[in-house]
Asks: 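Okay, here's the structure, questions in a sec.
The sequence lines fix the lettering, A, B, ..., with proteins before strands; numbering per chain opens at 1.
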Amino acid sequence: MLTPAPSATKPDPQDLLAWYDRHRRELPWRARAGETADPYRVWLSEIMLQQTTVAAVKPFYLNFLERFPTVEALAGAPAEAVMQAWAGLGYYSRARNLHACAKAVVDRHGGEFPSTEPELLKLPGIGAYTAAAVAAIAFNERAAAVDGNVERVMSRVFMVEEPLPKSKPLIRSLTAELVPEDRPGDFAQAVMDLGATICTPKRPACALCPWMRPCQARATGLQEMFPKKQKKETGPLRRGAAFVVLRADDTILLRTRPPAGLLGGMAEPPTSDWLPDYEPSRAVLDAPIEARWQRLPGTVRHVFTHFPLELTVLFAKVAKGTPAPHDMRWTPRLHLHEEALPGAMKKVLVHALGDLPGAKKASDKQPAKGAAK
DNA sequence: CAACCGTGGTG
DNA sequence: TCACCAAGGTT
C-alpha cells in the first residue's frame, strides 16, 4: 500500500473530549461531570429530542419528570394523561411508544432499563440512534450514536461525497471507529454539542473547532456544502373545514382521532376531509350537526411534515341539551387545556373562541417568545 | 426503502 | 415569506 495523502490526519477523540470538558452544555437531563446519568431520564430526554430542538424539549421534559418521576409512575399512568402531557410536542406516535416502552421495562425488565444496544433496540420507540445513545450515555457502553449532528460533523470531517441518507452506513462505521474506550457517553454528547454549537448547518464556527485541523471539508473551504443530501419535496396544499360548536352550557364539541396515523390519538374539533380540491363553500354540508353555521373570516394555516393545510373555520351556537353525535363529546371550555390538542387544532379553537383559558401549561415558560398576538 | 409522522426556530 | 432543519422511528 502506498502512503496516504499527507493531509489526511485522523481526528483525535481526545481533542474533542478536552473541548467538551470546557464547553459542555448544562442540560436538565445531563449528569454533572463525572457522574452517571439516570437511565430513565436519559431515555425520556432522548425520545423527546428525536427531531426536536433542545429549547422545545426543556419545558416538556421538566413537566414530564414532575408528573411521572419514575418509569413505574409512567407505566402506571393512563394513556390519556401521557398524550395530554405530550400535546404540542409533535410526532405523537412517540408518546404512545414511550408509554408502551415504560410498561415493557416494568413488566419484562423489573423496572430497570437494559444496558446493551441490542436489548434496548427491542423496545418500542427505540431505534438505532436511541439505543446507542442510551447505552453510551447511561451505561457507558462503547456504542456509536449517530444523529443529525453526528452526520453533519462526520460528513464534513471526512468530506463524505455520497448524499444522505445513502451515506448513513458509511458515516456509522466512521463514527464507530472514533468512539473511545474510556468515555463513550461523553464522546457521544461531545459530538452532538459540537454539531449544535460549532459545526452548525450554516456558518459553522470552524475557528473554534477542536477538529479544525483534521477536517477535510474545512481544508477546502467547502464545509457548508456538507452533508450532501437528497432533496425532498413537500406535498400539495390540502384544504378542509373545521367545526367549532359552542353549546349554551359553555361546552365545546370534540372528538378523538384514530390511534394511528396523522395526529393519532389526539383530540380535535370535528373537521371535514382534507383534500387538495376541497371547496370551502360546501363546508356546511359536511357539518357534524344541524345548526346555524357562521363561516368565520380568514383561515387557519398549518404545516405538517409532508403537506401544508388550510382550514376554513365554521362556528355555531347550539342549545343546552343538544346531544353529541356518535364518537364525539362535549368538553367544558374551561377544561380545554386538559385535552390532548395538537397545535393545529389549538389554532382552530383560538381562531373561533379567542385565547383558550388557562391553555398555557408547560410550554410557555421558555424565554423570549414575542409579544402578545 | 421511501413515505409517513409535528412543531418551532432561523437565515 | 420560505426553505431548511432539529439528540429519528415505524411501516
Side-chain angles (χ1 to χ4, degrees), chain A residues 25 27-30 37 41-61 83 86-98 100-101 120-134 136-138 143-153 164-166 168-169 172 175 185 187-197 199-203 224 227 229-235 257-266 268 301-309 340-347 363-364 366-370:
Chain A
R25 291 178 291 174
L27 300 172
W29 47 85
R30 184 173 278 183
R41 301 185 181 202
V42 173
W43 163 74
L44 176 60
S45 68
E46 290 299 343
I47 301 299
M48 287 187 165
L49 286 162
Q50 289 167 2
Q51 296 290 281
T52 310
T53 58
V54 164
V57 163
K58 273 182 182 174
F60 284 89
Y61 172 83
M83 298 310 290
W86 198 277
L89 197 52
Y91 284 136
Y92 298 99
S93 66
R94 289 187 296 174
R96 292 207 173 280
N97 288 144
L98 183 88
C101 184
L120 287 162
L121 208 43
K122 294 177 187 171
L123 294 167
I126 296 186
Y129 162 75
T130 305
V134 172
I137 297 170
V146 180
D147 72 330
N149 286 306
V150 181
E151 286 173 350
R152 185 170 58 257
V153 170
L164 287 167
K166 287 181 182 285
K168 278 174 178 285
R172 187 168 304 279
T175 306
F187 177 79
Q189 296 176 91
V191 186
M192 291 189 276
D193 274 19
L194 188 72
T197 63
C199 195
T200 50
K202 297 169 195 171
R203 304 294 299 253
E224 284 192 78
K229 294 189 176 182
Q230 301 182 180
K231 59 184 172 191
K232 56 222 165 202
E233 59 222 55
T234 79
R257 296 177 62 90
L262 183 69
L263 304 177
M266 303 300 286
E268 66 177 5
R301 294 168 174 277
H302 191 80
V303 180
F304 293 102
T305 305
H306 51 297
F307 68 91
L309 174 66
L341 289 164
M345 299 308 165
K346 281 185 182 171
K347 286 185 195 174
S363 48
D364 61 339
Q366 261 319 86
K369 286 287 299 175

Asks: Base, sugar-phosphate, or nothing for Pro124(A), non-hydrogen atoms under 4.0 angstrom?
Replies: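 Sugar-phosphate, backbone atoms only, no base.
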Asks: Over all strands shown, is Thr130(A) touching base, sugar-phosphate only, or nothing at heavy-atom distances under 4.0 angstrom?
Replies: sugar-phosphate
Asks: If you measure from the P atom in dG8(B) to the same atom in dT10(C), how many Å do you get, rounded?
Replies: 24 Å
Asks: Heavy atoms under 4.0 Å, any strand shown: does Trp29(A) hit a base, just sugar-phosphate, or nothing?
Replies: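 Here Trp29(A) touches the bases of the nucleic acid.
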Asks: Test side-chain contact (heavy atoms from CB on, under 4.5 Å) on Lys168(A) and Val146(A) and set out the steps.
Replies: CA-CA 9 Å; Lys168(A) 278 174 178 285; Val146(A) 180; over 6 Å; no
Asks: dT10(C), dG8(B), dA7(C): which one has an atom nearest the side-chain heavy atoms of Thr53(A)?
Replies: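 When the side chain of Thr53(A) is considered, dG8(B) is the closest of dT10(C), dG8(B), dA7(C).
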Asks: Val303(A) near the nucleic acid: base, sugar-phosphate alone, or nothing, with a heavy-atom cut-off under 4.0 Å?
Replies: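 Contact class for Val303(A): base.
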Asks: So what does Arg30(A) touch, heavy atoms closer than 4.0 Å: a base, only the sugar-phosphate, or nothing?
Replies: base
Asks: Which residue lies toward the 5' end of DNA chain C, Ile126(A) or Glu46(A), if each is placed at its nearest nucleotide?
Replies: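 Its nearest nucleotide lies further toward 5', so the answer is Glu46(A).
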Asks: Any base atoms under 4.0 Å from Leu27(A), or only sugar-phosphate, or nothing? Heavy atoms, all strands.
Replies: base
Asks: So, for Ala87(A) and Tyr92(A), which heavy atoms are closest and what is the spacing to 0.1 Å?
Replies: CA-CE2, 3.9 Å
Asks: Using a cut-off of less than 4.0 Å, is there contact between a side-chain N or O of Arg94(A) and OP1 or OP2 of dT10(C)?
Replies: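 No, because none of the side-chain N or O atoms of Arg94(A) sits under 4.0 Å from OP1 or OP2 of dT10(C).
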Asks: Are the ring centres of Phe304(A) and His306(A) closer than 6.0 Å?
Replies: no
Asks: Nearest whole angstrom, please: distance from the C1' of dC4(C) to the CD of Glu224(A).
Replies: 13 Å
Asks: Please give the distance between the P atoms of dG9(C) and dG9(B) as a whole number of Å.
Replies: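 About 24 Å, rounded to a whole number of Å.
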Asks: Of all the nucleotides listed (dC5(B), dA6(C), dA7(C)), which has the minimum atom distance to the side chain of Thr305(A)?
Replies: dC5(B)
Asks: Strictly below 4.0 Å: does Tyr92(A) bring a side-chain N or O up to OP1 or OP2 of dT7(B)?
Replies: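 Yes, because at least one side-chain N or O of Tyr92(A) sits under 4.0 Å from OP1 or OP2 of dT7(B).
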Asks: Would you measure the distance from the P atom in dA7(C) across to the matching atom in dA3(B) and give it in whole Å?
Replies: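 Their P atoms lie roughly 24 Å apart.
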Asks: Does a side-chain N or O from Gln51(A) land closer than 4.0 Å to OP1 or OP2 of dG8(C), or not?
Replies: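 Yes, within the criterion.
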Asks: Between dG8(C) and dC1(B), how far is it from one C1' atom to the other, in whole Å?
Replies: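 The same atom, C1', in both gives a distance of 15 Å.
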Asks: Check this one for me: any side-chain N or O of His302(A) less than 4.0 Å away from OP1 or OP2 of dT7(B)?
Replies: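 True: His302(A) side-chain N/O within range (under 4.0 Å) of dT7(B) OP1/OP2.
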Asks: For Leu263(A), which contact category applies under a 4.0 Å heavy-atom criterion: base, sugar-phosphate, or nothing?
Replies: sugar-phosphate
Asks: Can you tell me how far CG of Leu89(A) sits from CZ of Arg94(A), rounded to the nearest 0.5 angstrom?
Replies: 5.0 Å
Asks: Check this for me: does the side-chain of Arg25(A) come within 3.5 Å of the base of dA7(C) through a donor and an acceptor?
Replies: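 Side chain to base: pair found, below 3.5 Å.
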Asks: Which is true for Gly88(A) with a 4.0 Å heavy-atom rule: it touches a base, it touches only sugar-phosphate, or it touches nothing?
Replies: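 Sugar-phosphate contact only.
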Asks: Are any of His306(A)'s side-chain N or O atoms less than 4.0 Å away from OP1 or OP2 of dC5(B)?
Replies: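 Affirmative; the distance criterion is met.
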Asks: More 5' along DNA chain B: Leu341(A) or Lys166(A), using each one's nearest nucleotide?
Replies: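 Nearer the 5' end of the strand: Lys166(A).
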Asks: Indicate, with a heavy-atom threshold strictly under 4.0 Å, whether Thr52(A) touches base, sugar-phosphate, or nothing.
Replies: base
Asks: Out of curiosity, Leu49(A) CG to Trp29(A) CH2, how far, rounded to the nearest 0.5 Å?
Replies: 4.5 Å
